Amino acid sequence: VVTFTTLINGFCVEGNLVQAIRLLEHTEKVGYQSDIRTFGVIINGLCSIGDTTAAISCLRKLEERIWKANVVVYSMIINSLCKDGLVSEALGLCSEMTSKGIQPNVVTYSCLIQGLCNSCRWKEASALLNEMRQRGVMLDVTTFNILADALSKEGMIVGAKSIIGFMIQMGEKPDVFTYNSLIDGYCLQNQMNEATKVFHLMVSQGSLPDMVTYSSLIHGWCKVRNIDNAMHLLDEMVSKGFIPDVVTWTTLIGGLCQVGRTLAAKELF
RNA sequence: UGAAGUUGGUCUACC
């Protein structure tokens with residue numbers, strides 16, 4: 001079953017659900033009993049190709065057929081609904097699982113909180129944070145990162161920073177996601193000096209900047225029409241061994257065009 | 001030995 005599940009997951013990762021399901025049927029035909037994890041990879045595959053409806057019917061079949069769904073499959077679907085903007089449906093599924101005796105965990109809550117933040121349903125998001133606390137579900141790095149990112153995107157950098165302070169108090173170390181969200185938040189506000197400070201801070205704290213860090217900063221500098229600093233960062237990332245990707249290039253080419261340096265843009269192209 | 005959550009650009013469509 002483990003071998004088959006691994007193979008089925010391979011097809012799912014490729015987005016080849018037809019092969020994945022064919023292999024699931026084959027698995028059962030040759031006498032192996034697929035289990036909850038096997039269904040998990042199929043449900044996850046359906047979610048990642050954007051077919052949440054099919055994922056839900058898969059969950060229903062699973063509930064009829066086998067023992068019991070678990071928190072992982074519910075969380076996958078809850079996440080997918082949130083990504084589709086169907087946050088109320090996701091909350092409904094969360095109540096449903098709870099009433100079936102399946103307790104939401106930190107992943108479930110994190111998906112819902114992110115969905116609520118993305119829909120600007122702040123009050124409900126903070127209600128869920130309270131619920132987590134009451135039920136003794138600890139926030140982890142990802143939950144903190146979701147909050148810091150949501151606040152940064154809303155321009156509430158002060159709030160994002162206090163979340164980061166709180167996560168440190170709680171013994172979670174900010175990581176490259178945390179710093180990248182904060183940097184992007186400053187870039188959105190055109191506060192490039194502050195963004196640069198965070199860049200230096202992350203280095204001093206031992207988080208290595210990655211492609212996203214550089215691309216965000218390059219985008220920020222282009223936005224304030226300081227192409228020289230953007231180009232400087234391009235050189236720096238290349239010297240650190242990063243290969244700029246299509247995001248980096250489109251950002252820079254767009255930036256050069258905006259300031260009228262179309263020849264230089266063409267050269268980069 | 002197998003399944004779930006967090007960060008960057010552009011363009012297009014709709015409102």
Side-chain angles (χ1 to χ4, degrees), chain A residues 1-13 20 24 27 32 34-48 55 58-59 62 69-83 90 97 104-115 117-118 137 139-153 160 163 167 172 174-188 195 198 202 207 209-223 230 233 237 242 244-255 257-258 265:
Chain A
V1 193
V2 174
T3 315
F4 277 112
T5 305
T6 309
L7 285 169
I8 291 170
N9 193 38
F11 283 123
C12 288
V13 168
L24 173 69
T27 305
Y32 290 96
S34 51
D35 65 10
I36 183 75
R37 291 196 188 206
T38 321
F39 274 86
V41 302
I42 297 277
I43 288 176
N44 191 41
L46 290 168
C47 289
S48 52
C58 191
L59 169 71
L62 165 81
N70 64 11
V71 62
V72 174
V73 295
Y74 268 100
S75 300
M76 294 188 295
I77 295 176
I78 285 172
N79 184 41
S80 193
L81 287 169
C82 288
K83 292 271 144 51
M97 68 187 270
N105 65 12
V106 61
V107 175
T108 327
Y109 280 115
S110 300
C111 299
L112 286 167
I113 288 170
Q114 180 169 237
C117 289
N118 285 339
V137 180
L139 310 204
D140 67 8
V141 194
T142 302
T143 324
F144 283 118
N145 286 345
I146 288 168
L147 292 169
D149 185 56
L151 290 165
S152 297
K153 283 195 166 51
I163 287 290
M167 78 188 273
E172 296 284 2
D175 63 8
V176 64
F177 284 80
T178 326
Y179 291 115
N180 285 347
S181 296
L182 193 58
I183 286 175
D184 191 47
Y186 278 122
C187 291
L188 285 172
V198 178
M202 73 189 283
S207 285
D210 63 5
M211 289 282 291
V212 175
T213 320
Y214 283 106
S215 294
S216 302
L217 284 168
I218 287 173
H219 177 225
W221 284 118
C222 288
K223 222 157 55 86
L233 279 167
M237 74 185 279
F242 291 103
D245 66 4
V246 62
V247 176
T248 323
W249 292 121
T250 45
T251 306
L252 267 169
I253 290 171
C257 291
Q258 252 184 355

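Letters A, B, ... mirror the listed sequences (proteins, then strands); counts begin at 1. These values consider heavy atoms only, across backbone and side chains, with no hydrogens, waters or symmetry-generated copies. None of the values given here were measured: they were computed from a predicted structure.
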| Any N or O donor-acceptor pair linking the side chain of Asn70(A) to the base of rA3(B) at under 3.5 Å? | yes
| note | Scanning both residues in full, the closest heavy-atom pair of Cys111(A) with Cys82(A) reads O-SG, 3.6 Å
Nucleotides 6-8 of chain B: which of its N/O atoms have a protein N/O under 3.5 Å away?
from	atom 1	to	atom 2	distance (Å)
rU6(B)	OP1	Lys83(A)	NZ	3.2
rU6(B)	O3'	Gln114(A)	OE1	3.4
rU6(B)	O2	Asn145(A)	ND2	2.9
rU7(B)	O3'	Lys153(A)	NZ	3.4
rU7(B)	O2	Asn180(A)	ND2	2.6
rG8(B)	OP1	Lys153(A)	NZ	3.2
rG8(B)	O4'	Ser216(A)	OG	3.4
rG8(B)	N1	Asp245(A)	OD2	3.2
rG8(B)	N2	Ser215(A)	OG	2.3
rG8(B)	N2	Asp245(A)	OD1	3.2
rG8(B)	N3	Ser215(A)	OG	3.4

| Whole angstrom value for the distance that separates P of rA4(B) from OH of Tyr109(A) | 21 Å
| said: Taking donor-acceptor contacts at under 3.5 Å, does the side chain of Thr6(A) reach the base of rG2(B)? | reply: no
| Qualifying residues under ring pair (Phe, Tyr, Trp, His ring centres under 6.0 Å), relative to Phe242(A), sequence neighbours excluded | Tyr214(A)
| Rounded to whole angstroms, how far apart are CD1 on Ile36(A) and P on rA4(B)? | 13 Å
| query | In whole angstroms, how far is the C1' atom of rG2(B) from the CG atom of Asn9(A)? | reply | 8 Å
| request: Report which part of the nucleic acid Val72(A) touches: base, sugar-phosphate, or nothing (heavy-atom distance under 4.0 Å, all strands). | output: base
| request: Check whether any side-chain N or O of Asn79(A) sits under 3.5 Å from a backbone N or O of Ser75(A) as a donor-acceptor pair, and report yes or no. | output: no
| query | Whole Å only: how far is the CD1 atom of Ile218(A) from the C1' atom of rG9(B)? | reply | 11 Å
| d(CD1, Ile42(A); C1', rA4(B)) in whole Å | 15 Å
| task | State which residues pass side chain to side chain donor-acceptor pair (under 3.5 Å) with Asn70(A); sequence neighbours excluded, sorted by chain then number. | result | none
| message | Rounded to whole Å, how long is the line connecting atom CZ of Arg37(A) with atom P of rA4(B)? | response | 10 Å
| Can you check the Leu81(A) CG to rG5(B) P distance for me, whole Å? | 14 Å
| task | Could you tell me which residues satisfy salt bridge (Lys or Arg N to Asp or Glu O under 4.0 Å) with Asp149(A), sequence neighbours excluded, listed by chain and number? | result | Lys153(A)
Anything under 3.5 Å between a donor and an acceptor, one on a side chain of residues 2-9 of chain A, the other on a protein residue two or more places apart or in another chain? List them.
from	atom 1	to	atom 2	distance (Å)
Thr5(A)	OG1	Val1(A)	O	2.7
Thr5(A)	OG1	Thr38(A)	OG1	3.1
Thr6(A)	OG1	Val2(A)	O	2.7

| Donor-acceptor pair under 3.5 Å: do we get one between Asp35(A)'s side chain and the base of rA3(B)? | no
| remark: Contacts of Thr143(A) meeting side chain to side chain donor-acceptor pair (under 3.5 Å) (sequence neighbours excluded), chain-then-number -> Ser110(A), Asp140(A)
| task | Round to the nearest Å and state the distance from Leu139(A) atom CG to rG5(B) atom P. | result | 18 Å
